[in-house]
Amino acid sequence: MLRRLIPSVRLTLQVPKATTTAVRSTSGSVYEPDYLESLKPKFPQYDSLNVQIKGYDYPQLESYQRFLHGVAEYLDLDVSDCYALPPQQTQVQRLRPNSTVIESEYKLTTYERNLQLNNVDAPVYPQFLRLAQAALPEGVSLRVQEHTDDCEERRYVPDKELLDLKDELERMGGPTTFKKK
């Protein structure tokens, strides 16, 4: 009896085959594979940002740079480089009122640290900036800008001896070329 019921049950429960249609999204070119669309970032990105911090207190500045580096790593930001620039010396003189007599003289040293961030997603950037501003210590200035060639140029200290030798060579008439025989 069971053998008689099984064919009838199969006919009543038989579901028509689903038809599948493949829809291919075109991204502008016939020869580009589909997976290239999935490799594009979900949000717009900033290419390269320079986070510049300046201050007069060296240990405080170092600690704040370490904090910013940790926050950037926590937010999954790509910290490509951290570097220090040479300190700048400034001399300040305080004069007596209505005279040219120096009352006191101060020597201030300004320290600078930079963090270079690459491929920062647009929604993550405001969060990073809010955290950086909320934890900003007193006496430290924070500046965020796009990374330019000028930022890279300021990083390297010129070699004074090499520049002097080049000047001396120019005064002597410039470099001469010899032909080998």
TODO: Working to the nearest 0.5 Å, report the span between CG of Leu169 and CG of Asp164.
DONE: 12.5 Å

Task: Min side-chain heavy-atom separation Tyr46-His147 under 4.5 Å - done: no

Task: Pairwise side-chain contact, Thr110 with Glu112, heavy-atom cut-off 4.5 Å (strictly under) - done: no

- [ ] Measure the shortest side-chain to side-chain distance between Leu95 and Ile102 over non-hydrogen atoms and say whether it is less than 4.5 angstrom.
- [x] yes

TODO: Using a cut-off of 6.0 Å, state whether more than 12 heavy atoms not belonging to Gln93 lie near its atom CD.
DONE: yes

Task: Any side-chain donor near an acceptor of the partner, Gln116 and Asn50, under 3.5 Å - done: no

Open item on the list: Let me confirm one number: the CG-CZ distance from Leu115 to Phe128, rounded to the nearest 0.5 Å.
Closed with: 6.5 Å

Task: Within one Ile-Leu-Val-Met-Phe-Trp-Tyr cluster: Leu129 and Ile53, side-chain cutoff 4.5 Å - done: yes

Task: Inter-residue atom distance Tyr111.OH - Leu61.CG, 0.5 Å rounding - done: 9.5 Å

Task: Approximate separation, where rounding is to 0.5 Å, of Arg94 CZ and Glu103 CD - done: 4.5 Å

TODO: Group every Ile, Leu, Val, Met, Phe, Trp and Tyr by side-chain heavy-atom contacts under 4.5 Å, then state whether Met172 and Leu165 land in the same group.
DONE: no

- [ ] With rounding to the nearest 0.5 Å, note down the distance linking OH in Tyr83 to CD in Gln65.
- [x] 10.5 Å

Task: Residues in side-chain contact (heavy atoms from CB on, under 4.5 Å) contact with Thr100, at least two apart in sequence or another chain - done: none

- [ ] Please lay out, stage by stage, how Asp78 and Leu117 fare under the test side-chain contact (heavy atoms from CB on, under 4.5 Å).
- [x] CA-CA 6 Å; Asp78 180 22; Leu117 305 174; over 6 Å; no

Open item on the list: Let me check something: do Leu142 and Tyr74 share a hydrophobic cluster, defined by ILVMFWY side-chain heavy atoms less than 4.5 Å apart, either directly or through other members?
Closed with: yes

Open item on the list: For residues Val51 and Leu85: do they belong to one hydrophobic cluster (side chain heavy atoms under 4.5 Å, members Ile, Leu, Val, Met, Phe, Trp, Tyr)?
Closed with: no

Open item on the list: I'd like to know whether CD of Glu146 has more than 12 heavy-atom contacts from other residues, nucleotides or ligands below 6.0 angstrom.
Closed with: no

Open item on the list: Just verifying a value: how many Å separate Asn119 CG and Asp47 CG, rounded to the nearest 0.5 Å?
Closed with: 6.5 Å

Task: Minimum heavy-atom distance between Leu136 and Tyr64, given as atom pair plus value - done: CD1-OH, 3.5 Å

TODO: Evaluate the side-chain proximity of Leu77 to Tyr125: yes if any heavy-atom separation is below 4.5 Å, no if none is.
DONE: no

